[in-house]
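Worksheet for the structure shown next.
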Amino acid sequence: QVQLVEAGGGLVQAGGSLTLSCAASGIIFSIRTMAWYRQAPGKQRELVAGITSGTRTSYADSVKGRFTISRDNAKNTVYLQMNSLKPEDTAVYYCNVHSVDFTRTYAYWGQGTQVTVSS
């Protein structure tokens, strides 16, 4: 019953912007790390950006200065603002959420949303 609902993907021209969102529902435990991954055809899934419960952020070198990850804990939502998009950003983007209870850590994945950047 836990769901991560992604939205915001689509087709955009190079230099354009998109904002992805991922809203978690049905999660009753405390959310810790939230992150965005992406996977292009024939390539390994890679970490794009991550954010901790303390709002510390990290980014892949390829997106530094262009992408911004943020979170709204009250809404259990993580965002990825993508500016100055390049064709090489084309991929399926997946959100990832880690939560904890008293005894264990849980990991959840979104279904993925396609981002296509045309040149």
Side-chain angles (χ1 to χ4, degrees):
Q1 293 181 332
V2 174
Q3 294 187 79
L4 301 183
V5 180
E6 299 184 27
L11 175 64
V12 65
Q13 288 185 299
S17 299
L18 287 173
T19 299
L20 307 182
S21 65
C22 175
S25 63
I27 300 176
I28 63 174
F29 310 114
S30 297
I31 294 177
R32 299 302 191 203
T33 302
M34 308 180 81
W36 288 95
Y37 291 74
R38 67 185 181 187
Q39 188 167 24
K43 294 187 177 181
Q44 190 84 12
R45 184 174 297 187
E46 65 173 343
L47 176 64
V48 177
I51 184 167
T52 69
S53 59
T55 67
R56 293 176 64 91
T57 59
S58 62
Y59 298 92
D61 288 341
S62 59
V63 307
K64 285 182 179 178
R66 300 188 298 118
F67 291 11
T68 302
I69 187 171
S70 61
R71 62 191 289 171
D72 186 335
N73 291 333
K75 298 180 179 179
N76 289 336
T77 300
V78 60
Y79 304 90
L80 185 67
Q81 181 179 324
M82 304 183 292
N83 298 324
S84 302
L85 283 162
K86 304 175 181 179
E88 50 263 44
D89 295 318
T90 296
V92 177
Y93 285 71
Y94 300 89
C95 64
N96 172 264
V97 174
H98 289 175
S99 67
V100 299
D101 61 13
F102 298 116
T103 62
R104 63 179 293 183
T105 301
Y106 303 85
Y108 307 98
W109 288 93
Q111 292 180 281
T113 184
Q114 178 71 47
V115 172
T116 302
V117 184
S118 62
S119 59

Tightest non-hydrogen contact, residues Ala91 and Arg38, listed as CB-CB, 3.8 Å
Heavy atoms of Val78 and Ile51 approach each other most closely as CG2-CG2, 4.4 Å
Interatomic distance, OH@Tyr108 vs SG@Cys22, rounded to 0.5 Å, equals 12.5 Å
Taken to the nearest 0.5 Å, the spacing of Ser21 OG from Lys75 NZ works out to 10.0 Å
Of all heavy-atom pairs linking Leu4 and Ala24, the shortest is CD2-CB, 3.3 Å
Assess the residue pair Leu18 and Val115 against the criterion (side chain to side chain contact (heavy atoms under 4.5 Å, CB included)); give the C-alpha distance rounded to whole Å, side-chain angles, the decisive distance to 0.1 Å, and a yes or no. CA-CA 9 Å; Leu18 287 173; Val115 172; 3.9 Å; yes
Return yes if a side-chain donor-acceptor contact under 3.5 Å exists between Arg66 and Ser17, otherwise no. no
Mark yes or no for whether Arg56, through its side chain, and Gly50, through its backbone, hold a donor-acceptor pair below 3.5 Å. no
Taking a hydrophobic cluster as the set of Ile, Leu, Val, Met, Phe, Trp and Tyr residues connected by side-chain heavy atoms closer than 4.5 Å, whether directly or through intermediates, do Val2 and Val100 fall within one such cluster?
no
Interatomic distance, CG@Leu80 vs OH@Tyr59, rounded to 0.5 Å, equals 8.0 Å
| Are Met34 and Val5 connected in a single hydrophobic cluster, I mean Ile/Leu/Val/Met/Phe/Trp/Tyr linked by side-chain heavy atoms less than 4.5 Å apart? | no
Between the CZ atom in Arg104 and the OG atom in Ser99, the distance rounded to the nearest 0.5 Å is 9.5 Å
In the structure I gave you, are the side-chain heavy atoms of Phe67 and Leu85 within less than 4.5 Å of one another anywhere?
yes
- Just do the side chain to side chain contact (heavy atoms under 4.5 Å, CB included) check on Val48 and Tyr93 with the steps written out, would you? CA-CA 9 Å; Val48 177; Tyr93 285 71; 4.3 Å; yes
Practice problem: Determine yes or no for a side-chain-to-main-chain donor-acceptor pair under 3.5 angstrom, with Thr33 supplying the side chain and His98 the backbone. | Solution: no
Taken to the nearest 0.5 Å, the spacing of Gln13 CD from Ser119 OG works out to 9.5 Å
Here the pair of heavy atoms bringing Gln39 nearest to Lys43 is NE2-O, 3.1 Å
Q. Any side-chain heavy atom of Met82 within less than 4.5 Å of one from Thr68?
A. no
Across all chains, not counting sequence neighbours, the side-chain contact (heavy atoms from CB on, under 4.5 Å) partners of Ala23 are Thr77
All heavy atoms of Gly112 vs all of Tyr94, minimum pair found to be CA-CD2, 3.5 Å
(request) Taking only Lys NZ, Arg NE, NH1 and NH2, and the carboxylate oxygens of Asp or Glu, determine whether Asp89 and Lys86 approach each other closer than 4.0 Å. (result) no
### Message
Ring centres under 6.0 Å, that's the criterion: do Tyr37 and Trp109 meet it?
### Response
yes
Correct closest heavy-atom pair for Thr103 and Asp101 would be N-OD1, 2.8 Å
Problem set entry | Asp72/Tyr79 under side-chain hydrogen bond (donor to acceptor under 3.5 Å, both in side chains): CA gap, chis, key distance, verdict | CA-CA 8 Å; Asp72 186 335; Tyr79 304 90; 4.7 Å; no
Interatomic distance, CD1@Ile31 vs CG@Asn76, rounded to 0.5 Å, equals 3.5 Å
Exercise. Step by step, work out the side chain to side chain contact (heavy atoms under 4.5 Å, CB included) result for Thr113 and Val92.
Key: CA-CA 5 Å; Thr113 184; Val92 177; 6.0 Å; no
Quiz item: Do other residues, nucleotides or ligands put more than 12 heavy atoms under 6.0 Å from the CD atom of Glu88?
Solution: yes
- Counting only N and O atoms by type, is there a donor-acceptor contact under 3.5 Å from the side chain of Glu6 to the main-chain atoms of Cys95? yes
Problem - Shared hydrophobic cluster for Leu20 and Leu47 (ILVMFWY, side-chain gaps under 4.5 Å) - result: no
